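Hydrogens, waters and symmetry mates are skipped; everything else that's a heavy atom, side chains included, is used. Order of appearance sets the numbers: ligands from 1, and atoms from 1 within every ligand. Just so it is clear, the structure is predicted and the values come from calculations on it, not from any experiment.
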Amino acid sequence: MKLRGLYAVTDSQLLAGKFLAYVEAALEGGVTLLQYRDKSSDEARRLREAEALRNLCERYKTQLIINDDAELAARLGVGVHLGQTDGPLAPVRALLGHKAIVGATCHASLALAEQAVSEGASYVAFGRFFNSNTKPGAPSANLELLEQARIKLHIPVCAIGGITLENAAPLVARGVDLLAVVHGLFGADSSAEVTRRARAFNELLQIK
Ligand SMILES: Cc1ncc(COP(=O)(O)OP(=O)(O)O)c(N)n1
Ligand SMILES: Cc1nc(C(=O)O)sc1CCOP(=O)(O)O
Ligand SMILES: [Mg+2]
């Protein structure tokens with residue numbers, strides 16, 4: 001199955017008090033991948049929330065990805081996203097099996113992306129493309145990188161960092177497969193607006 005579409009990424013602060021309601025609203029609008037991104041060390045809460053997301057994802061036929069934590073991903077039987085400081089990818093691929101989705105952060109580097117491909121990544125993520133509310137200090141990437149990536153890489157390419165409905169079109173025009181979004185999706189005033197945004201991202205990607 002080709003990975004293509006909206007990649008919704010949760011943020012525990014932004015979604016405080018409306019976590020499941022907003023996630024379900026996004027799934028209602030259509031989400032290809034949902035990433036559980038929680039940087040806390042509260043293991044019990046992380047397990048509880050990740051299990052709740054897995055149940056929701058099963059209902060909506062969406063694939064769940066856990067950020068950073070391969071052990072939690074293995075426990076739940078879902079995918080994982082690893083950054084450059086989250087440990088080597090190959091042993092995680094071996095742990096999760098060949099069918100699992102394993103994503104890799106590659107910042108603005110094609111060399112990192114080629115390395116990730118050789119270690120068994122399912123997709124590579126480049127960013128950040130715009131100013132990000134969620135991670136303002138992330139290294140920046142530019143649109144030309146995506147053109148090179150399209151030529152050199154033969155796995156799905158994900159873009160992340162400050163993506164909104166207003167600025168996403170040039171990313172799509174350069175062949176991005178996955179748009180990974182926190183604030184541009186979940187920074188909405190209502191769950192109805194989250195659903196509207198998810199649908200609009202899918203229209204941009206010409207999905208459904
Ligand atoms: C889809 C996607 N792309 C990039 C990242 C960033 O991963 P990382 O560099 O490990 O940073 P943290 O998210 O762990 O702070 C991501 N999570 N998802
Ligand atoms: C988690 C993350 N990683 C990034 C990277 O560039 O690697 S940017 C980012 C935050 C994405 O959130 P928002 O859509 O609110 O900018
Ligand atoms: Mg990480």
Side-chain angles (χ1 to χ4, degrees), residues 3-16 19 22-23 26 31-41 46 50 53 62-73 78-89 92 100-110 112-113 115-117 119 121-143 145-146 149 153 155-172 176-188 193-194 197-198 200-201 204-205:
L3 288 177
R4 183 174 157 77
L6 175 60
Y7 187 170
V9 180
T10 69
D11 179 283
S12 303
Q13 279 80 47
L14 184 63
L15 292 173
F19 186 71
Y22 269 35
V23 169
V31 169
T32 298
L33 299 181
L34 174 73
Q35 183 182 124
Y36 177 52
R37 183 172 181 272
D38 175 278
K39 304 301 281 187
S40 81
S41 53
R46 284 167 53 75
L53 293 183
T62 296
Q63 309 248 32
L64 179 62
I65 309 294
I66 307 291
N67 189 41
D68 294 339
D69 190 342
E71 299 297 327
L72 180 56
V78 301
V80 72
H81 182 92
L82 298 177
Q84 290 299 320
T85 58
D86 297 325
L89 195 148
V92 169
I101 298 175
V102 179
T105 297
C106 300
H107 302 299
S109 167
L110 284 175
L112 288 178
Q115 164 89 17
V117 171
E119 291 184 31
S122 312
Y123 68 84
V124 290
F126 296 109
R128 70 184 155 82
F129 284 94
F130 307 104
N131 293 331
S132 170
N133 282 306
T134 309
K135 199 163 178 180
S140 63
N142 61 43
L143 295 173
L145 169 75
L146 294 174
L153 305 173
I155 65 170
V157 169
C158 173
I160 190 166
I163 298 172
T164 65
L165 283 167
E166 287 67 42
N167 64 23
L171 302 170
V172 177
V176 156
D177 301 289
L178 293 160
L179 292 173
V181 189
V182 181
H183 212 272
L185 177 66
F186 291 121
E193 173 62 8
V194 174
R197 290 184 186 187
F201 275 114
L204 261 176
L205 285 154

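Of all atoms in ligand 2, listed by their number and element, those nearer than 4.0 Å to a heavy atom of G127 are 6 (O). Near R128, meaning under 4.0 Å from one of its heavy atoms, ligand 2 places the atoms 6 (O). Short contacts between ligand 2 and G162, defined as distances under 4.0 Å to a heavy atom of the residue, involve ligand atoms 13 (P), 14 (O), 16 (O). Atom numbering of ligand 2 starts at 1 in the shown order; those under 4.0 Å from a heavy atom of H183 are 13 (P), 14 (O), 15 (O). Which parts of ligand 2 touch R37 is read off a 4.0 Å heavy-atom cut-off, strictly below it: atoms 1 (C).
For L72 against A50, the heavy-atom pair with the smallest separation is CD2-CB, 4.1 Å. Heavy-atom minimum distance, F129 versus A159: CE1-CB, 3.6 Å. The two residues G5 and L205 make their nearest non-hydrogen contact at C-CD1, 3.5 Å. Residues L33 and L3 come closest through the heavy atom pair CD2-CD2, 4.0 Å.
Between atom NE2 of residue H183 and atom CG of residue N133 there is a gap of 4.0 Å, rounded to the nearest 0.5 Å.
Between D177 and Y123, every side-chain heavy-atom pair lies at or beyond the 4.5 Å cut-off. A heavy-atom distance below 4.5 Å is not found between the side chains of Y7 and I163. In this structure the side chain of L146 reaches within 4.5 angstrom of the side chain of V176, judged on heavy atoms. Between L143 and L171, the closest side-chain pair of non-hydrogen atoms falls below 4.5 Å.
Given atom 8 (S) of ligand 2, the protein heavy atom at minimum distance is G161 CA, 3.7 Å. Protein heavy atom closest to atom 5 (C) of ligand 2, with residue, atom name and distance, is I160 CG2, 3.6 Å.
Considering backbone and side-chain atoms alike, T105 places every N or O at 3.5 Å or more from each N or O of ligand 2. For the pair H107 and ligand 2, the shortest N or O to N or O distance does not fall below 3.5 Å. Inclusion of V182 in the set of residues having an N or O under 3.5 Å from an N or O of ligand 2 is warranted. Any N or O atom pair closer than 3.5 Å counts here, and N133 shares no such pair with ligand 2. For N131, no nitrogen or oxygen atom sits less than 3.5 Å from a nitrogen or oxygen atom of ligand 2, counting backbone and side chain alike.
For E193 (side chain) and A188 (main-chain N/O), no donor-acceptor pair under 3.5 Å exists by modelled atom type. Remark: side-chain polar atoms of R128 are not paired, donor with acceptor, to backbone N or O of G162 under 3.5 angstrom. Side-chain atoms of T10 come within 3.5 Å of backbone atoms of R37 as a donor-acceptor pair (strictly under, hydrogens ignored). Between the side chain of T62 and the backbone N or O of V31, at least one donor-acceptor pair lies under 3.5 Å. At least one donor-acceptor pair closer than 3.5 Å links the side chain of R197 to the backbone N or O of G184.
Using the six-membered ring where Trp is involved, Y36 and F19 have ring planes that are perpendicular, over 60° apart on the 30 and 60° scheme.
Nearest to atom 13 (P) of ligand 2 by heavy atom, out of L185, L14, T134, V9, is T134.
When heavy-atom distances to ligand 2 are checked against a 4.0 Å cut-off, A138 comes that close only through its side chain, counted from C-beta outward.
Defined by atom type and a distance below 3.5 Å, a donor-acceptor pair is present between the side-chain atoms of T105 and H81.
Residue contacts with ligand 2: G184 is excluded, as none of its non-hydrogen atoms falls under 4.0 Å.
Dense packing is recorded around CG of N167, with more than 12 heavy atoms of other residues, nucleotides or ligands lying under 6.0 Å away.
Protein residues having a heavy atom under 4.0 Å from any atom of ligand 1 are Y7, Q35, R37, K39, N67, D68, H81, G83, D86, T105, A125, K135, C158, I160, A180, listed by chain and number.
Protein N/O/S atoms closer than 2.8 Å to the Mg ion (ligand 3): D68 OD1, D86 OD2.
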